[in-house]
Amino acid sequence: MASYLDNDIKYLPGVGGQRASLLAAEAGIRTLGDLLHYYPFRYIDRTKIWRIAEVTEEMESYIQLRARILAVNHLGPARRQRLSVTVTDGSASTELVWFRGVKWIEKKLEIGREYLIFGRPNFFRGAFNMVHPEVESVTAALNRPNGSLQGVYSTTEKLANIQLGTRGIYNLVCNAWKLCEERIEETLPDEIRHAYGLIPLRDALFEIHFPQSHEQLRAAQYRLKFEELFGIQLHILSRRSIRLERANGFLFPKVGELFNAFYHEKLPFPLTGAQKRVIREIRNDTVSGHQMNRLLQGDVGSGKTLVALVSMLLAADNHYQSCLMAPTEILARQHFASISRMIEGLPIRIGILTGASKTKERNEVLKGAASGEIQILIGTHALLEERVQFADLGLVVIDEQHRFGVEQRARLWTKNRQTPHILVMTATPIPRTLAMTLYGDLEVSVIDELPPGRKPIKTVHMTDAQRLALFGFMKREIAKGRQIYVVYPLIQESEKMDYKDLTDGYESISREFPPPHYLTTVVHGRMKPEEKQAGMRLFTEGQAQIMVATSVIEVGVDVPNATVMVIESAEKFGLSQLHQLRGRVGRGGEQSYCILMSGDKLSKEARTRLRAMVETTDGFELAELDMRLRGTGDLAGTQQSGMAFDLKIANLSQDNQLVELTRRAAEKCLQNDPELIDPRNALLKTLRDRYSTSAGRDYSMIS
Ligand code: ADP
Ligand code: MG
């Protein structure tokens, strides 16, 4: 159904061809409707005016000043001029700076006149300035029609360069609103709106862009968030009911020889209660007749690998093959080695396939998988390749799932005539509400218990000045026979410098810990796979006491004798990454330590992160804090995984109650009409399908 809002943005006054294509590329805005659904990400309270003398470093957000211009100066060389404007409000004075659009800004400003100034203060030696603030004369501000809240729109440098900064976008929204305000059709059924106290769409869109009060803004946000989460839930639940309706899951009814022999003869330790429970859950799924779709969540070191192995043995007992996909070469090799060790002597054949597999080895593995001789195949992305074929793939296990893109994962499910059972394992704790939305139609299992005898890891934060003390501590641990990781961050933008830090660090450690008494090995992403493996092996086999590495070791490496994790430039890592890294130690019975190294100048956020690491080892707590600090952006590495849905307004870290509420609302709507066939449910169907169109990016788990 075509609507006025589907009209191309380029015909909107103030847009045109060039701007339209940048709006599409940079912000995904193609139509009038897209623009109206491009919401401000924050609001400035225009009633609050700060005195310059009151502004302190603690205030990180935007502020508003009311001040008079004292002087306008051009600074810098002619070609790269900047404009410096001194303003005062009687309490103190401050500087406003522009690097771009100098001429244009200068024309707007008049010495002696009073302006309202919005911007983010920048501190330098106790004083502050503002770069590229918004200025508006007080008289103009007084004549402004809207309420006291001013929306701030996100923008990009390219957009800002064509005068589509936050203000420019705001102006376009105003133009669009004038054209569209009478043509906005309601998208939610009246019963739903009344039952949940939601304002009409038209009002919500008006208030979200031009809020008349805090209260009305809240009502608008509530309505729009509700709609978004509700639509997603409708979509997820219908997928789920389709999956459960079809009885097309492979059956693993038999608990056979392999499982029993392993369980009774091979298992080196008793399973934890949590491991047993999860294995039972998987058992239930694999005899239900439905295809399993399970997310296994367990903190680092909780013993997920064993659960995977037991499940794969069950598959083999029932004559199905399994594969286990790991995100890195190192991890795949390590799984292969430890699983080989654990099942030694059992009548089962396992294979490994990675990008580094030699041709001969590869061909053998491919043949074995295709004929069914190989019952468990372990590997990396290489498993996804077309030429990897199975005789009868019944179970796919994906380790540390957030490392894989959604589409990549989906390719594995198509390797059999019907979708195999899927077990996705992650150490990143995912709050339930997030799991319900992000990962769509998944059952969640949790290992909430660590194997017995583990001592909590002690975490300390040290600065570069304490390096000597650190070295002394390392020596004492090594003297006790322990091993140590030293990890350097690797950030794409400054990769060169990071590698330099790593090599410098490696050299200084080798100097401090000289051979033959000590052996230090180094492992990083630029090494050839064989070199990497050799470097790893020195450490896993205990010859090297120290391993210097980039965060490649972040996932899954298991060396129980390692008791110290030194994280260099710890302030550059996100919380969940730090937690993952810390989980590399504390795997044996010995007291383990995590040492966070940083310089002494830290941003407020970095300080909060490091403090949280020192104060808690609870991965769940850290994940929640991470979400609060960074938004959901980094959670579960969503950037890499390609979130199933892009959320425009709902915020999964804040709106968990709303997720639950919309889930129940959607369940109710689907109860009597699961496929939304009834014409009275037409609006709901449209809403559901709005999210189905992005289903290409969702788990395609339905065969
Ligand atoms: P993760 O969940 O991080 O993948 P792993 O599967 O690598 O954890 O297990 C971490 C370590 O704990 C391994 O050395 C493993 O052998 C050991 N482990 C697993 N389960 C148990 C258990 N029930 N009791 C004792 N140790 C266990
Ligand atoms: Mg693991």
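First listed ligand is number 1; within each ligand, the first listed atom is number 1.
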Please answer whether the main-chain N or O of Y320 pairs with a side-chain N or O of D392 as donor and acceptor at a distance below 3.5 Å.
no
Any donor-acceptor N/O pair, S592 side chain to G586 backbone, under 3.5 Å:
yes
Does G298 have a non-hydrogen atom less than 4.0 Å from ligand 1?
no
Would P270 count as a contact residue for ligand 1, given that I'm defining contact as a non-hydrogen atom of the residue lying under 4.0 Å from a ligand atom?
yes
S445 and side-chain hydrogen bond (donor to acceptor under 3.5 Å, both in side chains): which partner among K304, R280, E281?
E281
Can you tell which part of [X] has a heavy atom less than 4.0 Å from ligand 1: side chain, backbone, both or neither?
X: L271; answer: backbone
X: R587; answer: side chain
X: R454; answer: side chain

Checking F259 now: which residues fulfil ring pair (Phe, Tyr, Trp, His ring centres under 6.0 Å) with it, not counting sequence neighbours?
Y263
Would you mind telling me which of T521, V564, I478, I484 makes a side chain to side chain contact (heavy atoms under 4.5 Å, CB included) with Q545?
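Among T521, V564, I478, I484, the one that satisfies the side chain to side chain contact (heavy atoms under 4.5 Å, CB included) with Q545 is I478.
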Does L306 reach ligand 1 with a nitrogen or oxygen that is under 3.5 Å from one of the ligand's nitrogen or oxygen atoms?
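So ligand 1 has no N or O lying under 3.5 Å from an N or O of L306.
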Check this for me - ligand 1, G301, N or O atoms closer than 3.5 angstrom, yes or no?
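Yes: some nitrogen or oxygen of G301 is under 3.5 Å from one in ligand 1.
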Counting heavy atoms only, which of K304, M342, Q297, Q275 is nearest atom 2 (O) of ligand 1?
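Answer by nearest heavy atom: K304.
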Test of ring centre spacing under 6.0 Å for F471 and F513:
yes
Below 4.0 angstrom from a heavy atom of [X], which ligand 1 atoms are there? Numbered from 1 as shown, please.
X: T272; value: 23 (N)
X: S302; value: 2 (O), 8 (O)
X: T305; value: 4 (O), 5 (P), 6 (O), 7 (O)

Exercise: identify the closest heavy-atom pair between M527 and K532:
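That closest heavy-atom pairing would be O-CE, 3.8 Å.
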What heavy-atom pair brings A261 and L346 nearest, and what distance separates the two atoms?
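In terms of heavy atoms, the two residues are closest at CB-CD2, 3.5 Å.
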